[in-house]
Amino acid sequence: MNRREFRIPTILGVFLVLGGLVAGLWLVENQVQKSAKAATEDTPKNVVISNIVDSGFVVSWITDKAMVGFVQYGEGLNYDMVVTDDRDQERGSVQPNFTHFVTVKGLKPLTVYRFKVGSGKQLYDMSGVAYQVVTGPKIETQPPEADVAYGQVVTASAEPAEGSIVYLQLAGGVTASAMVKNTGSWVIPLSTIRTADLKENLPYDKVAAEETLLVQGGVMGTSEVKVTTGTDSPVFEIVLGKNYRTDLKLLTPIQGEGVNTSKPQIVGEAPAGTEVTVEINSENSIVGKTTAGADGKFTYDVPQYLALGEHTLTLTAIIDGVVKR
């Protein structure tokens, strides 16, 4: 009896110990997973440096979780200056956001500045190496004539996409950016964009230069569109999450199709904002232009009567820097 009384509690004790170990390990693993997940949600993503001039620059990024964002910067290896999100400075209080837009200003020309991105209570760099920006020289020449790109950004539910970030790229220039206001509007000055080497304001064609716009809305989605400087004031309404990338396509009339009117309407598809040249050749040539709308559709009403017989229709557009015909 004594042996039985001794063995039963001992076996039970072993099970209790093992159970405690398993539960402890599960708790530790669960805490590690939660910690890793939290760290991932807090980590700045898609860090972009834009609007670099002689006296400042902009740092922007997104986080998977709404976080307080800031930039800690300085000259050399000193990070003794802190600047918060532009929205925090406007409202006078610090609040968490999914998108982050920090303007660093009051800097010296031709100076190296290093910075780290603050998210919550943590500072982030590039795997132990701080981000770095070199400001441009002061430009002494007369500033160019004002020229802006502007438009509206909305969510999939047609609400203003407040807090989204619009990035604009012109060939040969530094990236320009702006934050979408609570009305859904955004404005980016083109005339003050610097060349890639920052030595001068970027020269560009004010009608035909191609602009790439990337709208980063974080959890609200993203969109990318291409427009020209002649169609950027305003840019058509951009809907976050919508795919605006398509090729040049003729919808009607299709090849070989007979039409029952001598003034037909040409209908096709192209990336939103793309200018399309329409050329009709028969006895006489007719050349005109139209622009694809926000839905990627374009139409062209033939302005004069066509003679009976066969006609050749040619569509031409520049898409992603390539001539499509």
Side-chain angles (χ1 to χ4, degrees), residues 147-154 156 158 161 166-171 184-188 190 204-215 221-325:
D147 182 26
V148 299
Y150 65 92
Q152 295 279 131
V153 181
V154 298
V166 180
Y167 298 104
L168 185 151
Q169 191 70 57
L170 272 171
S185 64
W186 60 272
V187 179
I188 294 180
L190 302 183
Y204 61 93
D205 188 316
K206 291 189 176 182
V207 175
E210 187 178 84
E211 301 170 25
T212 299
L213 298 174
L214 172 64
V215 185
T222 62
S223 288
E224 182 180 345
V225 300
K226 290 184 183 293
V227 296
T228 61
T229 45
T231 60
D232 65 357
S233 52
V235 174
F236 57 87
E237 184 179 77
I238 299 172
V239 180
L240 281 177
K242 185 172 182 179
N243 180 17
Y244 291 93
R245 299 185 65 80
T246 184
D247 210 338
L248 182 63
K249 184 179 181 181
L250 176 65
L251 298 179
T252 184
I254 61 174
Q255 185 169 337
E257 178 184 0
V259 293
N260 58 6
T261 174
S262 57
K263 292 180 70 177
Q265 183 181 68
I266 311 301
V267 181
E269 291 181 341
T274 298
E275 185 180 72
V276 179
T277 300
V278 180
E279 183 177 356
I280 301 171
N281 285 302
S282 53
E283 293 180 353
N284 299 307
S285 291
I286 299 173
V287 179
K289 295 181 183 294
T290 185
T291 302
D295 59 356
K297 296 288 195 306
F298 65 83
T299 59
Y300 177 76
D301 294 310
V302 177
Q304 63 190 64
Y305 293 104
L306 300 178
L308 294 175
E310 294 186 352
H311 306 270
T312 300
L313 170 63
T314 304
L315 303 177
T316 308
I318 298 175
I319 300 175
D320 294 336
V322 178
V323 177
K324 302 285 186 176
R325 181 173 289 110

- Task: Test side-chain contact (heavy atoms from CB on, under 4.5 Å) on Trp186 and Val215 and set out the steps.
- Result: CA-CA 11 Å; Trp186 60 272; Val215 185; over 6 Å; no
- Query: Where do Thr274 and Leu248 land on the side-chain contact (heavy atoms from CB on, under 4.5 Å) test, with the steps shown first?
  - Reply: CA-CA 9 Å; Thr274 298; Leu248 182 63; over 6 Å; no
- Taking side chain to side chain contact (heavy atoms under 4.5 Å, CB included) as the test, write out the residues that go with Val267, two or more places apart.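 Val267 satisfies side chain to side chain contact (heavy atoms under 4.5 Å, CB included) with Leu251, Thr252, Gln265, Thr299 once adjacent residues are dropped.
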- Closest approach of Leu170 and Glu210, non-hydrogen atoms and distance?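 Closest approach of Leu170 to Glu210, heavy atoms only: CD2-O, 3.5 Å.
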- To the nearest 0.5 Å, tell me how far Lys324 NZ sits from Thr316 OG1.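 Answer rounded to 0.5 Å: 12.5 Å.
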- Item | Basic-acidic side-chain contact under 4.0 Å: Glu211, Lys226 |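 Salt bridge: no.
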- Message: Name the residue from Leu214, Ile238, Ile188 that meets the side chain to side chain contact (heavy atoms under 4.5 Å, CB included) definition with Val166.
- Response: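 Passing option: Ile188.
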- Item | Partners meeting side chain to side chain donor-acceptor pair (under 3.5 Å) with Thr231 (sequence neighbours left out) |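 Here the qualifying residues are Thr228.
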- To the nearest 0.5 Å, tell me how far Leu190 CG sits from Thr229 OG1.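 Result: 8.0 Å between the selected atoms.
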- Message: So, taking the atom named CD1 in Ile286 and the one named CD1 in Ile280, what distance separates them when rounded to the nearest 0.5 Å?
- Response: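 If I round to the nearest 0.5 Å, the distance is 5.0 Å.
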- Task: To the nearest 0.5 angstrom, please state how far the CD1 atom of Ile318 sits from the CZ atom of Arg325.
- Result: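 One gets 10.0 Å once the value is rounded to the nearest 0.5 Å.
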- Task: Compare every heavy atom of Pro253 with every heavy atom of Leu250, then report the nearest pair and how far apart it is.
- Result: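 Reported closest heavy-atom pair: CD2-O, 3.0 Å.
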- Item | 4.5 Å side-chain heavy-atom contact, Phe298 and Leu315 |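 Side chain of Phe298 against side chain of Leu315, heavy atoms only: contact under 4.5 Å found.
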- Give the intermediate values and the outcome of side-chain contact (heavy atoms from CB on, under 4.5 Å) for residues Leu168 and Thr212. CA-CA 6 Å; Leu168 185 151; Thr212 299; over 6 Å; no
- Sidechain-backbone polar pair: Ser223 side chain, Gly241 backbone, donor-acceptor under 3.5 Å: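 Confirmed, Ser223 side chain pairs with Gly241 backbone.
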- Query: Would you call Asp301 and Pro264 a side-chain contact if the rule is heavy atoms closer than 4.5 Å?
  - Reply: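 They are not in contact (no side-chain heavy atoms under 4.5 Å apart), so the answer is no.
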- Task: Nearest 0.5 Å please: distance from the CD atom of Glu279 over to the OH atom of Tyr300.
- Result: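 Interatomic distance, Glu279 CD to Tyr300 OH, rounded to 0.5 Å: 10.5 Å.
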- Message: Asp232 vs Leu213, test: side-chain contact (heavy atoms from CB on, under 4.5 Å). Steps then yes/no.
- Response: CA-CA 10 Å; Asp232 65 357; Leu213 298 174; over 6 Å; no
- Minimal non-hydrogen separation, Pro271 against Ala292, with atom names: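 What the structure gives for the nearest pair is O-CB, 3.5 Å.
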